[in-house]
Number of protein chains: 2
Amino acid sequence: MSEKGISKAVIKRLPRYYRYLGELLEAGVERISSGELSERMKVTASQIRQDLNNFGGFGQQGYGYNVRYLHDEIGKILGLNRIHNMVIIGAGNLGQALANYASFERSGFRTVGLFDVNPVLQGVTVRGIPIRMVDELPEFIKENKVEIATLTLPKSRAKEMAQLLVEYGIRAIWNFAHTDLNLVLPRDVIVENVHLSESLMRLSYNLTSYEEKHKTNK
Amino acid sequence: MSEKGISKAVIKRLPRYYRYLGELLEAGVERISSGELSERMKVTASQIRQDLNNFGGFGQQGYGYNVRYLHDEIGKILGLNRIHNMVIIGAGNLGQALANYASFERSGFRTVGLFDVNPVLQGVTVRGIPIRMVDELPEFIKENKVEIATLTLPKSRAKEMAQLLVEYGIRAIWNFAHTDLNLVLPRDVIVENVHLSESLMRLSYNLTSYEEKHKTNK
DNA sequence: TAGATTGTTAATCGATTAACAATC
DNA sequence: TAGATTGTTAATCGATTAACAATC
């Protein structure tokens, strides 16, 4: 019953399939073959079929895949068929920006609380959510069945806060701090990293190496 | 002279090496072996040596790597040894949050302009940067030698804006819109994606599949 | 010189692509 | 039934790890 050993590479692609299927759905497309989808997404049809077959046979020979069905099934695999309660820890610029992002709500990710250590922020509200102090966290997490904590704290404070959050019962951390939390947390806690500065460095690498490559041609 | 064919997997790891070396540097560590570094970073020593040797021999047999030297060399490889001028297109919550991020500045990424299509925002300033209207873009990009555009626009507007930016001379796009720009842009334009919603879905997948796996044990 | 550790080649492992039999 | 397209096995390709000779 339990899926096991699905590779990270496959999981990484699932949300993109989900997005394309959502767009097809909106466009009123009813069925699609791996061949057609492969053209749109610029991946091989073989990869699409292999990826999907990690989770089951969603298609039908001679027909292809029903768009709505496949979209919903991938949604279920991704856990989008239920509500996930989140708190945001760190109500600085990024924390507030994420709290304002209504679009996560549509996929079932509901921000129920916003926390900070700075007393000046206490009571300030963002999109109707008041900023609370972190000492209220243990109770809040239990009462609101919070699964996910978004960490938008400076790296100096992130590790200890992550450990506290886990003590308080948080199951997953969406980590925006520039540090590797997974090395200090139990393995059964999910950590998903968004390292913006690293993303920017990769961009910079590509920019730089592209220029290097073409310098001689000028 | 020109590096070619460095795999994406390697490039993805470079910023992390850079971060660890920066921390060692701050901690006053002078030299480090691939073995020691491998323990800290939880990767194999072999991988570290292989990765680095894509770019040159930075170490010394019997000694290891000089921390400062290696840090600086990786910095150069990543293009962090010069200033990159950026504009942010889309001055909503996320755009403003990114404009407020002083820490990118320290790696040489300088936000010189902030643009939006909404006239209501015209003249509002964020961290001293006034929000401008997009019709000023062509001139602004040329005058300020802007290389990178950060796209924090709703997906409906992202593709056409990306195409305009490229016409205006932008060399790279840091894409926060939920859409695949690379499919509509020339191949020599660098696109680095930050798909927050996809990141959240991967987190949700891991959370869900972990629960599935342990459900039976209860 | 002896010990340590790199740079690099070879072996293994995993992921992607190709091929095709199964089947709608 | 014939045509289309999946599900799945086999072949290829690439990335990671192991091993070790080179060398500081």
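Proteins get letters first, then strands, A, B, ... in listed order; numbering begins at 1 in each.
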Answer yes or no: does a side-chain N or O of [X] lie under 4.0 Å from OP1 or OP2 of [N]?
{"X": "A:R49", "N": "C:dA19", "result": "no"}
{"X": "B:Y65", "N": "C:dG7", "result": "yes"}
{"X": "B:S34", "N": "C:dT5", "result": "no"}
{"X": "B:R31", "N": "C:dT5", "result": "yes"}

**Message:** Check for me whether A:R31 meets the cation-pi criterion with A:Y65, that is, NZ or CZ under 6.0 Å from the six-membered ring centre and within 45 degrees of the ring axis.
**Reply:** no
**Prompt:** Counting only heavy atoms not in B:R127, do more than 12 sit closer than 6.0 Å to its CZ atom?
**Reply:** yes
**Complete:** Separation between CD (B:E160) and CG (B:L165), nearest 0.5 Å, reads 11.0 Å
**5' precedence on DNA chain C between A:Q60 and A:S7 (nearest-nucleotide basis)** = A:S7
**Message:** By nearest heavy atom, map A:K8 and B:E36 onto DNA chain C; which one lands nearer the 5' end?
**Reply:** B:E36
**Prompt:** When the aromatic ring centroids of B:F140 and B:F115 are compared, is their separation below 6.0 Å?
**Reply:** yes
**Complete:** Answer for the Watson-Crick or wobble partner of D:dA21, both distances under 3.5 Å, is C:dT6
**Request:** Ignoring hydrogens and angles, answer whether the base of D:dT16 and the side-chain atoms of B:Q50 contain a donor-acceptor pair closer than 3.5 Å.
**Result:** no
**Asked** Whole-Å distance between C:dT5 P and B:E39 CD?
**Response** 12 Å
**Prompt:** Which part of the nucleic acid does A:S46 contact within heavy-atom distance under 4.0 Å: base, sugar-phosphate only, or nothing?
**Reply:** base
**Prompt:** Out of D:dA22, D:dT17, C:dT23, which has the shortest distance to the side chain of B:T44?
**Reply:** D:dT17
